[in-house]
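In this text the structure is predicted, and so the values were computed from the model without any measurement.
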Amino acid sequence: MDEPDLNKPWCYYVVENQDPAVHGGFVPSLVVEGSPQHWPMLGRGEGAAPWVWGKTLEDAQRVCRHVNEERGISQGEEERIVASSMLQALRQGKVV
């Protein structure tokens with residue numbers, strides 16, 4: 001998996017179809033505008049752990065919205081970034 005280009009607009013997003021039992025809750029992904037992929041925040045390196053932002057989808061989405069807003073990303077901007085990523089994935093024939 002490539003590294004995300006953080007010079008482009010990016011946000012966090014909670015993918016709805018993940019299984020919360022895998023990591024003990026819902027893990028956000030980093031999504032970059034126009035990139036056909038997302039980067040789940042699963043932790044890197046020895047001793048790292050996934051970023052679990054909620055036991056329920058609603059709780060994780062609430063935390064995600066708050067973190068994005070703290071970064072200056074509105075809900076509308078988040079939706080635009082995520083949509084541009086999904087569109088690029090569809091154009092490249094990747095599963096969304």
Practice problem: For side-chain contact (heavy atoms from CB on, under 4.5 Å), just list the numbers for Q88 and K94, CA-CA rounded to whole Å, side-chain angles, deciding distance to a tenth of an Å, and then say yes or no. | Solution: CA-CA 9 Å; Q88 194 61 256; K94 297 183 179 182; over 6 Å; no
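- For the pair W10 (side chain) and I81 (backbone), a donor-acceptor distance under 3.5 Å is absent.
- Separating the CG atom in N68 from the CD atom in E79 is a distance of 11.0 Å, to the nearest 0.5 Å.
- E78 places no side-chain N or O within donor-acceptor distance of the main-chain N or O of C11, the cut-off being under 3.5 Å.
- Taking each heavy atom of V32 and P4 in turn, the nearest pair found is CG2-CB, 3.8 Å.
- Between G54 and D59 the shortest heavy-atom distance is CA-CB, 4.1 Å.
- Annotation: side chain of E33 is in contact with side chain of R80 (closest heavy-atom distance under 4.5 Å).
- Residues L42 and H23 are in side-chain contact: their nearest non-hydrogen atoms beyond the backbone lie under 4.5 Å apart.
- Between D5 and S35, every side-chain heavy-atom pair lies at or beyond the 4.5 Å cut-off.
- No single ILVMFWY cluster, assembled from side-chain heavy atoms under 4.5 Å apart, contains both I73 and L30.
- Taking the six-membered ring for Trp and thresholds of 30 and 60 degrees, W53 and Y12 have ring planes more than 60 degrees apart, a perpendicular arrangement.
- Taking each heavy atom of S84 and G34 in turn, the nearest pair found is OG-N, 2.9 Å.
- The two residues P36 and A89 make their nearest non-hydrogen contact at O-CB, 3.6 Å.
- Other members of the hydrophobic cluster containing L57, listed by chain and number, are V14, F26; membership follows side-chain contacts under 4.5 Å among ILVMFWY residues, whether direct or relayed.
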